[in-house]
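A short worksheet on the structure shown next.
Predicted, not measured: the structure shown is a model, and the values here were computed from it. By convention in this document, chain letters (A, B, ...) are assigned in the order of the sequence lines, proteins followed by strands, and residues within each chain are numbered from 1. Just so it is clear, the values below take in all heavy atoms, side chains as well, and ignore hydrogens, waters and symmetry mates.
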Amino acid sequence: MAQISLTFPDGNARDFPAGVTPAEVAAGISNSLAKKAISATVDGKHWDMQWPIENNASIAIHTMRDDVQALELIRHDFAHVMARAVQSLWPDVKVTIGPVIENGWYYDFDRKEPFSTEDLATIEKKMKEIINLRDIVRTEVWDRARAVAFYEANNEPYKVELIEAIPGDEPLRMYWHGDWQDLCRGPHLQHTGQLPADAFKLMSVAGAYWRGDSDRAMLQRIYGVGFQNKEGLKAHLHMLEEAAKRDHRKLGREMDLFHMQEEAPGQIFWHPNGWTIYTELQDYMRRKQRAGGYVEVNTPQVVDRKLWEASGHWEKYQEHMFIVEVDEEHAREKSINALKPMNCPCHVQIFNQGLKSYRDLPLRMAEFGSCNRYEPSGALHGIMRVRGFTQDDGHIFCREDQIESETRIYIDFLSEVYRDLGFESFRVKFADRPEKRTGSDEIWDKAEEALLNATRAAGIEPEMNPGEGAFYGPKLEFVLTDAIGRDWQCGTHQVDFVLPERLDANYIAEDGAKHRPVMLHRATLGSFERFIGILIESHAGKLPFWIAPRQVVVAAIVSDADDYVQDVTAALTAGGVRAEADVRNEKINYKVREHSLGKVPVILAVGKKEVEDRSVSMRRLGEKHSTVILLDEIVNSLSVEAKAPDLL
RNA sequence: GCCGCAGUAGCUCAGUGGUAGAGCGCGUCAUUGGUAAUGACGAGGUCGGGAGUUCAAUUCUCCCCUGCGGCACCA
């Protein structure tokens, strides 16, 4: 029999007969390793303990101590055990797919009756029983005709469809957990008893379309989380509890920032505190953009559909626009308008006024553009995904050869803003050509190359987001994360060759002829609404001093200090600090607690002593102790602290 | 938009086929208290909206609206 050589992580190599499995290799090392082993890595590939190794290779054998491999296997096996539990409880349920995801797994089932919360508990119990059976996990490679026949016989149509989608040259792997069977690429644990029965939890049921296609069947997806041990699960659940406290919807109420109500779904009623954050952020962005060479404009809210037809949005997005019809009785002729869902067509109208010269390019045009989109009801989410929002929008009209440099300049601009706002790091995704698009491949090649070059020149290697570009051009997406780890696209930078064409934008070049400019769509915050949501969550409500809506509360300890409290408050206000007096008939403990819960960054307590000394007792949010400081000093230092980062 | 769950006082929530309750908050009074809740009293609800069943619906049924968790979508 042919021999192969396996090289271990310590560099030692040993010969084995070809076709040896990691299980046999482990058994050759020690009994305990053979028992503890969960999988192997063979030539960099995660490998099942049962899979034969045919050629010389490097090999590492994993136990539960190897986090990456252990977690992947645990979650994958949990998914199988869960599916087995479901089918043993409800034999008519059809199985589909069940992948590993961050922190856990899900499995999609086809079942007529909905799974209830009580069902989850029943399934969990069944899963524990299955784990206790310590059933051996077994795998075989089948040819596809046999597999198809098998699943047809078992009335599992989804599996048949999956097999048909697998490329013909790939082996089909069949797995058995005891007598339960699934099609799966593996690897898996050696037996179900290797699963930590006390370290998983089924979290929720949700609908999910078969193959992610909204025209196909709605399946029921059960989500679970799983870890190596009970502590891992406990830590995860605790993290979720903590994240819930940072939810912007909760903090928005507690800090009295905004509210939403039925009469205006997806739109925000900004309260004074929230609006202070908003305007502070807008003032900052306005200064930054002015410094960045932008001209600011403003354009109409209600625009005739003719313009949307010309831009191409009517055809593609009509369903998602708020339509405004003007009645014939009130107008000479009936006109159909739409609330603007975006600003770009209007910006082209401004560009088109008068003749533009190549000397005007690049022309950087910005607008705090208030937009309305009829977003699908299920998409709405707090203030992060809304129907009425304001973009810090901008369009750069430039020549093709300026795309790369303008992109580079923009990435630097955005990085500065994000850094100023406390986001030291952010993710950049590069979304390239989608299947449905306009423009030649040659143009797309150039646009994609320009974006990539500029991104890399800025020292950023973007994540690839294939096929997710806009229909008119590729884009960079600047992604931030909310409290529970969901991604939100905030900034964006997109190349557009189409709109200038459709709306007939042009400039006179050096050759005296008309040329078509390229448009770069870009938004830094994205929308104020979404960005503020992210800002609140990432700071857990404890916003940086300059942007905190209530910066200082001056609290009287005794009513004899009330007049002095007013003096202190006035001095701070004169110094550009948002300060409030609290002279209510309450104890200082009460006031400190209330303002701390309200996330006020600085509380200045004053009693008899402070009145005499012209001082204050300062307590910063989150600190246990207070410091006594002279009034003049605190006014000076807080005045500086209240300045936005670009003004320091 | 689709699947599931939910909607009771400003907030967090309990509860029932016979028109409702707690804590916090709010108001009044007393208290002048030194860094995360002083005490007493009081006001406050068309039980998301509409229809149906019933002698009687906040409770049961249906429809709608809104929210939440996913999925799909995101110019």
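Rounded to whole Å, the separation between the P atoms of B:U8 and B:C47 comes to 11 Å. Atom P of B:U19 sits at a distance of 38 Å from the matching atom of B:G1, rounded to the whole Å. Across B:A9 and B:C24, the matching C1' atoms stand 12 Å from one another, rounded to whole Å. Taking atom P in both B:G33 and B:G67, the straight-line distance is 50 Å, to the nearest Å. Taking atom P on both B:C64 and B:U28, the two are 47 Å apart, rounded to the nearest angstrom. Separation of the P atoms belonging to B:G44 and B:U54 is 36 Å when rounded to the nearest angstrom. Distance noted for atom P between B:G17 and B:U61: 13 Å (whole Å). Taking atom P in both B:G70 and B:G27, the straight-line distance is 38 Å, to the nearest Å.
Following rounding to the nearest Å, A:H395 (NE2) and B:A75 (P) show an atom-to-atom distance of 12 Å. For A:Y106 and B:C71, the OH to C1' distance is 10 Å, given to the nearest whole Å. For A:Q489 and B:C73, the CD to P distance is 14 Å, given to the nearest whole Å. Atom NZ in A:K340 sits about 18 Å away from atom P in B:A75, given to the nearest Å. For the pair A:Q318 CD and B:G1 P, the interatomic distance rounds to 17 Å; values are reported in whole Å. Rounded to whole Å, the distance from CD on A:E262 to P on B:G48 is 11 Å. With rounding to whole Å, A:K250 atom NZ is found 15 Å from B:C68 atom P. B:G70 atom P lies 8 Å from atom NE2 of A:H381, rounded to whole Å.
With hydrogens and angles ignored, no donor-acceptor pair closer than 3.5 Å exists between the side chain of A:Y209 and the base of B:G70. In the interface, the side chain of A:R385 is paired with the base of B:C73 through a donor and an acceptor atom under 3.5 Å apart. Under 3.5 Å, the side chain of A:R619 and the base of B:A36 form at least one donor-acceptor pair of N or O atoms. Within 3.5 Å, no donor on the side chain of A:E113 pairs with an acceptor on the base of B:G4, nor the reverse.
For A:R253, a side-chain nitrogen or oxygen approaches OP1 or OP2 of B:U12 to under 4.0 Å. Remark: A:R486 is in phosphate contact with B:G69, judged by side-chain N or O atoms under 4.0 Å from OP1 or OP2. Between A:S204 and B:G70, a side-chain N or O to OP1/OP2 separation shorter than 4.0 Å is absent. At the phosphate of B:A75, OP1 or OP2 sits under 4.0 Å from a side-chain N or O atom of A:K475. Between A:R373 and the phosphate of B:A75, there is no side-chain N or O to OP1/OP2 separation shorter than 4.0 Å.
For A:R584, counting side-chain heavy atoms from C-beta on, the closest listed nucleotide (B:C71, B:G67, B:C26) is B:C26. Checking B:G69, B:C74, B:A75 against the side-chain heavy atoms of A:R249 singles out B:G69 as nearest. For A:A379, whose side chain is taken as the heavy atoms from C-beta onward, the closest listed nucleotide among B:A72, B:G67, B:C3 is B:A72. Of the listed nucleotides (B:G69, B:G70, B:A75), B:A75 has the atom at the smallest distance from the side chain of A:H313. Closest to the side chain of A:E586, out of B:C73, B:C71, B:U38, is B:U38. Of the listed nucleotides (B:G34, B:U38, B:A72), B:U38 has the atom at the smallest distance from the side chain of A:K587. For A:Y590, whose side chain is taken as the heavy atoms from C-beta onward, the closest listed nucleotide among B:G34, B:G69, B:C26 is B:C26.
Few gaps surround CD on A:E263; more than 12 heavy atoms of other groups in view lie less than 6.0 Å from it. In the displayed structure, A:E319 atom CD is contacted under 6.0 Å by at most 12 heavy atoms of other residues, nucleotides or ligands.
Where A:A470 and A:A208 each meet RNA chain B at their nearest nucleotide, the meeting point lying more 5' is that of A:A208. Where A:H625 and A:S559 each meet RNA chain B at their nearest nucleotide, the meeting point lying more 5' is that of A:S559.
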*Begin from the C-alpha positions of A:F478 and A:K429 and carry the test side chain to side chain contact (heavy atoms under 4.5 Å, CB included) through to its verdict.*
CA-CA 7 Å; A:F478 301 91; A:K429 292 188 189 172; over 6 Å; no
_Steps toward side-chain hydrogen bond (donor to acceptor under 3.5 Å, both in side chains) verdict (A:N465, A:E477)_ = CA-CA 9 Å; A:N465 198 5; A:E477 301 170 324; 3.0 Å; yes
*Given A:T481 and A:R486, is the side chain to side chain contact (heavy atoms under 4.5 Å, CB included) satisfied, shown in steps?*
CA-CA 5 Å; A:T481 308; A:R486 288 180 286 217; 6.0 Å; no
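The residue A:G212 sits close only to the backbone: its heavy atoms come under 4.0 Å of sugar-phosphate atoms, none of a base. Within the nucleic acid shown, A:P265 comes within 4.0 Å of sugar-phosphate atoms alone, with no base atom in reach, counting heavy atoms only. Contact annotation for A:L597: base contact, defined as any heavy-atom pair under 4.0 Å involving a base atom.
In this structure, A:E367 contributes its side chain and A:N298 its backbone to no donor-acceptor pair below 3.5 Å.
Cation-pi contact between A:R373 and A:F322: absent, since separation from the ring centre below 6.0 Å together with deviation from the ring axis within 45° is not met. A cation-pi arrangement is absent between A:R75 and A:Y106, since the terminal nitrogen or guanidinium carbon is not both under 6.0 Å from the aromatic centre and inside a 45° cone about the axis.
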*Watson-Crick or G-U pairs under 3.5 Å in RNA chain B, rendered as dot-bracket with [ ] for crossing pairs and | for another strand*: (((((((..((((....[..)))).(((((.......))))).....(((((..]....))))))))))))....
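Aromatic rings of A:Y107 and A:Y223 (six-membered ring for Trp) have centroids beyond the 6.0 Å cut-off, not under it. Ring centroids of A:Y374 and A:H320 are separated by 6.0 Å or more, keeping the two rings apart.
By the 5.5 Å and 30° criteria, A:Y317 is stacked with the base of B:A75.
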